[in-house]
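Numbers restart at 1 for each chain; the letters A, B, ... are given by sequence-line order, proteins then strands.
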Amino acid sequence: MNARDAILELDNLTLGYDRHPAVHHLRCRIAPGALVAIVGPNGAGKSTLFKALTGELPPLQGHFRVHAGKRGIAYLPQQSELDRSFPVSVFDMVSMGLWREIGAFRGLSRSQAERVRAALAAVGLSGFEARQIGTLSGGQLQRARFARMMLQDANLLLLDEPFNAIDARTIEDLIALILLWHAEGRTILAVLHDLTLVRRHFPECLLLARECLGFGPTDEILTPERLATARRLAGEFDATAPVCHRPEAEAA
Amino acid sequence: MIAETLFGPFAEFEFMRRALAGCLALALGATPVGVFLLLRRMSLMGDAMAHAILPGAALGYLAFGLSLGAMTVGGIIAGIVVALAAGLVARSSILKEDASLAAFYLLSIATGVMIVSLRGRNLDLLHVLFGSVLALDDPSLLLISAITTATLVALALLYRPLVLECFDAAFLRGVSAASPIAHYGFLVLVVLNLVAGFHALGTLMAVGIMILPSAAARLWVKRLPAMLGLAVLIAFASGIGGLLASFHADVPAGPAIILAAGIVYLLSLFLAPGGMLGARLNRRPHLES
């Protein structure tokens, strides 16, 4: 595989806070069009990895390369980061997915407004256009966020726990959307906790517990032994840990 | 008779007309900024920054007396320094932003009063603390109007990034580099408008014309453009009402204006759809789905 064959390359990537690593010497290559579940216990560094990929957190060591092309990355953070008391309508919120086309100043053309309505219909929110986002339920808001992501039309999609506190029917609808995006050739990385869901829909899996415990076909990665190791590793934290001197060559 | 009460003072006295123009300018500029302060949950931050302006303006006063330019420049510098410093303290110490703002604002107001009293008379201190909306001269009016004009242009340019920054900053950071521009641009607008309000209403009440009309408007309407419009109307109406009350009842104008806005706010708090009684009074039958 040469560099052109990967949409995302992580090269000895170490991320963390206050010198304590949250992601430790991670190496992997994600092929274009891959559908990857990122699995691991709380504190395993999953969200931290996404923060680094979107440029919010500079790496402590190593680097990563994104070859997502002109259409770039779309990132769906965990729900809590959105202020639902702000007075804005569902239509206005979702239409911001067209930011790359309309920027800060341009209005929506008729065809763009049509695309916003189509995206709302695709997530099952037709008729909600004029509602305030504060009146939506958790599941409806997540549908709206998926609609916005759909309009972003990105090549690489990062979803951070998209199904937290979401009911079964909504998950089913949203998974169908993810599979559709996968069929369109987009690359998708999703942080998930529901292993049944991962086994059923995600061909590839990255098991993370600060260290990478495996990346490959889901069946081979999600073994009981590896999951037990992940649980054990994630709990460990040593405030007086010595400086890590792992040579780069061994880190793979 | 009624017309005489309402229009007479403005028709007769130039200082009332100047005060009216000042109030209109403040309502158009400072109040929309206040709407965003309120929606960003930064109302108290606005208050703290208003007080932070005092030592800067006081230093200008110490050096040059009651000079418009010196007090304005001093106020703007002090406001921006405190806004940035409070953010820095919150990020790099264990204190939260509200604690660091409260600390800055207490220090600022104590320092400011000390500096003014070093040189001045009590009259000057009153002027600085409570403003002089009835004594706006040409340069002051021009300054307030210039700040209002700049604010309206800047808000028009920043509107979309600012709205996104308010309710989904993570998304804005993902799609655009405009997030820091929206954030810091907005802080600069807050400081500028506080300085404008400072000349008319004084450092203690400048933030009143920003927050009270915004809070009242929030209780009545659900959409942001409507909220901006209604807040401006309430602010201007409070300006007129306060000036008239001040003229007829011979009370200080600045507090009268803020009290008028406060009365609108209190009434809204009870009667508006988003208020305490409003939700109970307005009981239309619910829909099927």
Side-chain angles (χ1 to χ4, degrees), chain A residues 18 47 50-51 53-57 68 71-108 127-128 130-135 141 144-145 148-149 151-154 156-160, chain B residues 32 35-43 91-92 94 153-183 185-186 214-215 217-231 272-274 286-289:
Chain A
D18 293 337
S47 302
F50 279 2
K51 272 192 197 144
L53 293 181
T54 51
E56 272 188 53
L57 185 73
R71 291 190 291 166
I73 301 184
Y75 168 44
L76 193 78
Q78 295 191 28
Q79 266 204 28
S80 51
E81 301 193 18
L82 194 144
D83 179 5
R84 291 170 67 175
S85 67
F86 195 88
V88 61
S89 72
V90 173
F91 184 93
D92 287 349
M93 177 214 152
V94 170
S95 64
M96 285 302 104
L98 293 172
W99 182 282
R100 213 158 37 80
E101 294 170 38
I102 60 176
F105 306 117
R106 259 159 291 159
L108 290 180
F128 283 74
R131 289 269 288 268
Q132 298 282 309
I133 55 170
T135 67
L141 184 68
R145 283 158 43 104
R148 182 171 70 180
M149 192 170 212
L151 290 173
Q152 283 181 264
D153 193 27
L156 175 60
L157 309 182
L158 308 175
L159 303 146
D160 196 353
Chain B
V35 168
F36 283 101
L37 264 184
L38 182 89
L39 290 174
R40 299 199 72 179
R41 305 174 189 199
M42 284 165 58
S43 304
R91 267 196 298 281
S92 54
I94 58 168
V153 172
L155 275 184
L157 291 176
L158 280 178
Y159 186 78
R160 189 177 284 165
L162 186 56
V163 166
L164 262 181
E165 172 75 17
C166 289
F167 85 93
D168 199 352
F171 178 79
L172 180 63
R173 285 197 300 273
V175 295
S176 150
S179 176
I181 300 174
H183 180 69
F186 177 68
S214 310
R218 178 83 181 97
L219 293 164
W220 288 101
V221 294
K222 284 186 179 154
R223 295 178 49 250
L224 182 56
M227 193 179 155
L228 288 165
L230 183 58
H286 68 265
L287 308 174
E288 238 177 48
S289 75

Shortest non-hydrogen contact from Leu157(B) toward Phe105(A) = O-CE2, 3.1 Å

Could you list which of residues 161-169 of chain B have a heavy atom closer than 4.5 Å to any heavy atom of chain A, in residue-number order?
-> Pro161(B), Val163(B), Leu164(B), Cys166(B), Phe167(B), Asp168(B)

Could you pull out every donor-acceptor pair under 3.5 Å between side chains of residues 220-229 of chain B and any protein atom, sequence neighbours left out?
residue, atom, partner, partner atom, Å
Trp220(B), NE1, Ser268(B), OG, 2.9

With a 4.5 angstrom heavy-atom cut-off, could you sort out which part of Leu158(B) is near chain A: side chain, backbone, both or neither?
-> neither

Check whether Leu76(A) gets within reach of chain B through its side chain, its backbone, both or neither, counting any heavy atom under 4.5 Å.
-> neither

Applying side chain to side chain contact (heavy atoms under 4.5 Å, CB included) to Ile102(A) and not counting sequence neighbours gives Met96(A), Leu98(A), Arg106(A), Leu108(A), Gln112(A), Arg160(B)

Using non-hydrogen atoms only, which part of Ser85(A) is less than 4.5 Å away from chain B: side chain, backbone, both, or neither?
-> both

Of all of Gly174(B), Ala178(B), Ser176(B), which one pairs up most often with chain A through heavy atoms under 4.5 Å apart?
-> Ser176(B)

Highest number of heavy-atom pairs under 4.5 Å with chain B among Gln132(A), Gln152(A), Arg148(A), Arg84(A) belongs to Arg148(A)

Which residues share a salt bridge (charged side-chain N to carboxylate O under 4.0 Å, His left out) with Arg218(B), sequence neighbours left out | none

